[in-house]
Each structure stands twice: as structure tokens, then as C-alpha cells.
Amino acid sequence: QVKHLTTMSADQVELPEDFVRNFLFRCGMEKTFECFQQEWFERTSRGLITPSNTVAPDIYRINQTLSDELESLRTEVKQSREVTSKAQAGQEKMRKERDFHRLQHRRVLQEKSELLAEVKRLHAANKDREPVVAQLEAKYETLLRQNMLTTIDRDRAKNQVQSLQSTMRAPSTAQPPPTAQAPPTPQPPPTAHRPSMPATQRLTLRRETTMPVDGAPDLSQTQPLPTFKPLTPARIRSLAPGPAVSAHSQAISALAAHPTRNLVATGADDAGIALWEGPSGSLVCELEGHRGFVSALDFSAKGDLLASGSGDAMVKVWDVEKRECVATLAEHSHPVWSVAFHHTAAFLASGAMDSNVKLWDLATARSRATLRGHRDAVNTVAFQYLSNTLASGSADRTVALWDARTSLQTRVLRGHGAPVNAVVFSRAGDRFASSDSDGAIVLWDVRTLTPVWTSSAAQGLSVPRLAFDPSGCVLAAACEDGSVRIVETADGGEAVQLAGHADAVLATAIAASGDYVASSGADGVLRFWV
């Protein structure tokens with residue numbers, strides 16, 4: 001029976017006597033259990049106790065169940081308290097953040113209100129000044145034009161006075177009239193006692209040249225275009241490194257291709273100028289005369305003259321055949337960065353660090369006009385072929401167009417985000433390109449004066465020089481990473497990259513025949529690509 005009691009299910013109901021037995025058994029009261037069993041069976045057998053049919057509830061089982069449920073509830077309450085505590089902590093943190101952001105928002109609103117009040121005050125203060133500023137700007141423009149016209153009149157008057165003075169100082173070649181008292185005394189020829197004058201002085205004795213009118217160009221000083229080979233895509237991809245010449249001991253900043261012959265001119269920081277045969281790289285001659293670095297070179301349309309600009313603030317004009325300097329132009333106050341011939345070769349433009357563009361009359365070897373309008377150094381100048389239109393690029397990030405005949409600025413183009421380094425016209429004159437120190441190359445339409453495209457072929461690289469091929473199909477760009485990027489003018493895409501210099505490429509040129517591309521760099525090397 002003990003075994004029966006120990007295996008009884010917890011879910012079975014119990015009689016009163018079984019409840020007592022189970023209680024004693026669970027409590028381990030074995031002696032009392034044996035006494036209860038003995039006495040119970042004795043009394044039952046005697047008929048003193050009648051077994052009950054009632055059910056006795058298992059209070060212990062119920063208490064155990066309740067105890068388990070109570071423990072479970074206590075665990076849940078504990079977990080709930082922990083969750084509640086975390087929630088309260090998060091709520092407190094969010095409340096503090098809310099208060100902080102409220103304060104920040106109020107501070108921002110206060111600052112915004114103060115700024116709006118300040119803006120309104122400034123608007124009210126400047127509203128009365130706008131008419132005054134507009135009047136001052138109009139007066140400034142008027143005075144600038146008057147100053148340009150006065151400068152032109154003054155230069156013309158100076159030239160006339162000097163011409164008259166030179167004529168008056170010159171000895172008379174006429175013979176004295178015969179008299180009856182004495183026979184006429186023969187006079188020696190003028191060349192017998194007058195020393196020969198240098199070319200720069202001979203030029204000053206000539207009259208001022210009249211610039212041709214647009215639409216009726218003077219073609220007497222131009223040469224017919226040579227037969228050239230267009231740089232087609234197939235030719236561009238076939239360009240290969242040709243001869244490389246250690247042309248100068250220092251960086252070569254200037255490079256120009258002859259318009260009719262296979263010659264290139266180089267100018268370097270060692271103040272030297274040299275002419276080379278292309279593409280063989282044979283030295284033709286050297287020209288010396290500058291006292292500072294040579295920064296610019298340009299051939300005249302016929303190729304008989306070469307102009308050079310230098311860090312000594314001088315512009316020199318050289319006779320290519322005689323290999324001598326025929327004019328020195330020294331009216332700039334700062335280094336000269338660029339030079340460009342007019343198609344008649346009678347005029348020359350130069351841009352300098354003094355932010356001015358000077359237009360020179362080579363007949364008098366004097367400045368015909370000073371073009372003022374840029375606010376920073378003028379890095380490049382270029383004439384439109386068979387036209388009086390002059391373009392200048394400056395470190396003030398603008399490209400200016402000038403009428404060289406009237407010396408007036410006609411347009412200012414803003415499309416660059418960095419100093420403009422180069423401006424070059426195509427041979428046809430219908431387009432021109434500009435580049436800056438951030439690598440942006442912009443192709444402009446001459447008729448509409450709007451950008452055709454902006455190329456990213458040299459993105460992030462300074463592009464100091466550009467060069468059109470004779471056909472105008474491609475554009476060569478010198479880059480500071482030691483390469484020359486060939487860009488197609490149709491869409492501005494990069495066609496090929498010519499790499500070979502050990503340092504930055506400072507200048508590039510394309511032969512008038514289209515046979516080769518030349519480049520020069522900071523490594524002092526002149527390279528040809530054929």
C-alpha cells in the first residue's frame with residue numbers, strides 16, 4: 001500500500017483516510033503511519049469505523065500549485081519591473097534630449113530672427129545706395145572709354161611730333177641755288193656722314209600703320225595655306241614618339257610652330273630662344289637678347305618675324321632670316337606672359353602680369369593702345385585670323401574680346417572656375433578654345449559667343465597651352481601630368497594621350513602641315529610625335 005500511495009497521480013481524488021495516509025507519508029512520519037494503519041484496520045474489522053465515500057481535497061497539491069503560480073507571477077513581476085525601469089530611463093533620456101533640442105531650436109529661431117532683421121536693415125540701407133552705385137558704374141565706364149580714346153590720341157600725337165622732329169633734324173639734301181658770285185659748292189651724300197641706325201630706331205621713323213577694316217582684310221602679308229594632312233582618328237591613334245631633344249638646360253615654357261616651314265621655336269627659363277627643324281630635332285639657330293625667362297613665342301603669318309615675351313617685361317621682334325632682333329618693345333611693367341601677331345604682321349598684341357593688354361604698332365615700335373579691363377594678370381592673347389578681333393584670357397577667370405581697331409572691349413565671357421591659361425583660335429576663325437588651371441577646356445562659337453562643349457579630358461590638371469590642328473578637327477592640350485591630350489573638337493572627347501615627358505608639359509604645337517605634334521616641358525626636353 002505504501003507503494004500504491006507513492007505512485008498515486010496528483011490529479012486523482014483522495015478519500016479522507018487516504019488523505020491522512022498521504023499526509024503522514026509525505027511528512028515522513030513512519031511510526032505514526034504504522035500506528036494509524038494498525039488502529040484503522042482493527043477498528044474497521046470490528047465495525048467501529050465505516051469507510052466514508054466522501055472526497056477529501058488534496059490541500060497540499062492545491063497549495064503547491066498555488067505556490068508555483070505565485071513564483072511564476074513573482075518572476076513576471078520582476079521582469080516587468082526591469083522593463084519598466086528601462087523604459088523609464090529611456091523616457092528620461094528622451095525628455096532631456098527633447099529639452100535640449102527645444103533650447104537649440106529656440107536659439108536657432110532667435111538667430112534667424114536676428115539675421116532676418118539684419119538683412120532687412122542692410123536692404124533698407126543699400127536701397128538708397130543702388131542708384132548712386134549705378135551712376136558711379138556708368139561714370140566709370142564713360143571715364144574708361146574716354147581714357148582709352150585719350151591714350152590713343154596722345155600716342156598718335158606723340159608719334160606725329162616725333163616724326164616732325166626727326167624730319168626737322170634731318171640734314172637737307174637740296175643743293176643751294178647758283179649765284180653769280182661763286183659757283184655752287186657740292187654737298188657730300190647723306191650716307192657719307194650719317195651713321196647707320198639700328199632697326200629699332202629705323203622703325204620709329206616710319207608712319208603709323210592703319211589697321212584694316214573687318215571684312216576687308218589685308219592679304220599682302222599672308223601666305224597661302226600649305227597643304228596639310230588632317231589629324232583623322234586613324235592618324236591620331238597611330239601617333240608615336242619621335243625624336244626627343246634636350247633643347248634647354250631649364251624648363252621650356254614657350255613653343256611655336258612656323259606657319260609655312262617645318263620649324264619650331266622654343267623659349268626657356270634660361271632666357272634662350274632656339275629654332276629647330278621638325279620633326280628631326282636638328283638645331284637651326286639660337287637667338288639671345290632677353291635677360292629673363294622666355295614665356296611666349298609667336299610667328300607672323302608669313303613666318304619672317306618671330307615675337308617673344310619675357311620675364312624682363314620686354315617684347316622682342318626677331319627677323320627669322322637674318323637671325324637678329326629688329327625691335328624691342330619695353331612698356332610693360334611686369335613679366336610678359338603672351339604675344340600674338342595680327343595677320344598683317346604690322347601689329348602685335350602682348351599680355352602681361354600687370355593685367356594690361358598692349359597693342360603694338362611695329363612701324364613705329366610703340367604702343368598703339370593699352371587695353372584695360374582685366375582685374376588680374378593676362379595670361380594669354382590671340383588674334384582671330386583675318387580679323388581685328390583679339391581674345392585675352394586672365395587669372396580673373398574671364399575671357400575678354402576686344403576690337404583692336406577701336407581698342408574697345410566688346411564682350412566678357414565667364415565660363416571658367418579657375419585662372420584662364422590659354423586661348424587659341426581655329427584657322428577657320430569660326431571657333432576658339434580656352435583652358436584653365438583646373439583642367440577645364442571650353443570650345444566657344446564665335447558667332448553666338450556661347451560654349452559648344454566643356455571637355456573633362458584633363459579634369460583636375462592644369463592646362464597651360466592649347467593648339468588647334470590646321471583642319472580644326474582636333475585640339476592638343478599640354479597637361480601638368482607630363483602628357484599631351486588630343487581632344488576631338490566634334491564632342492570634346494579625348495582621342496589619345498601622348499605621354500613621354502618626365503615632368504609637366506608646358507607648351508604644345510601642331511605643325512602647319514599636320515605631319516607632327518611638338519611638345520615641351522619642365523624637363524627641358526622638346527619632343528616630336530609623328
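Sequence neighbours left out, the pairs with a member in residues 232-260 that pass ring pair (Phe, Tyr, Trp, His ring centres under 6.0 Å) are H258-F299.
Nearest heavy-atom pair, D436 versus A418, reported as atom, atom and distance to 0.1 Å: CB-O, 3.6 Å. Shown here for D298 and F341, the closest heavy-atom pair between the two residues is OD2-N, 2.8 Å.
Taking OG of S513 as the start and CG of D469 as the end, the distance is 11.0 Å to the nearest 0.5 Å.
For E118, the CD atom counts as densely surrounded, since its 6.0 Å shell holds more than 12 non-hydrogen atoms of other residues, nucleotides or ligands. For CZ of R154, the number of neighbouring non-hydrogen atoms (other residues, nucleotides, ligands) closer than 6.0 Å is greater than 12. A 6.0 Å sphere centred on CE of M211 holds more than 12 heavy atoms belonging to other residues, nucleotides or ligands.
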- request: Evaluate the side-chain contact (heavy atoms from CB on, under 4.5 Å) criterion for residues K158 and R366: first the C-alpha distance (whole Å), next the side-chain angles of each, then the deciding distance (0.1 Å), finally the verdict.
  value: CA-CA 10 Å; K158 280 185 178 181; R366 293 183 181 275; 6.0 Å; no
field: Stepwise salt bridge (charged side-chain N to carboxylate O under 4.0 Å, His left out) check, D312 with K316
entry: CA-CA 11 Å; D312 57 12; K316 288 184 178 290; over 6 Å; no
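None of V317, V336, L287, L297 except one satisfies the side-chain contact (heavy atoms from CB on, under 4.5 Å) rule with S308; the exception is L297. Only one option out of L506, V505, D503 pairs with D523 in a side-chain contact (heavy atoms from CB on, under 4.5 Å); it is D503. Each of D376, V412, L413 was evaluated against T398; a single residue qualifies, V412, per the side-chain contact (heavy atoms from CB on, under 4.5 Å) test.
Looking at E321 and K302, no side-chain N of the basic residue comes within less than 4.0 Å of a carboxylate O on the acidic one, giving no salt bridge. By the 4.0 Å N-to-carboxylate-O rule, R485 lies close enough to D481 to be salt-bridged with it.
Taking I236 as the reference, L231, V474, I486, A495, V496 meet the side-chain contact (heavy atoms from CB on, under 4.5 Å) condition, with sequence neighbours excluded. Contacts of V452 classified as side-chain contact (heavy atoms from CB on, under 4.5 Å), with partners at least two apart in sequence or in another chain: L443, D445.
With S355 contributing its side chain and A377 its backbone, the two residues share no donor-acceptor pair below 3.5 Å.
Proximity of P212 to T344: side-chain heavy atoms (C-beta onward) are separated by under 4.5 Å at one or more points.
Using the six-membered ring where Trp is involved, W444 and H416 have ring planes that are tilted, between 30° and 60° apart.
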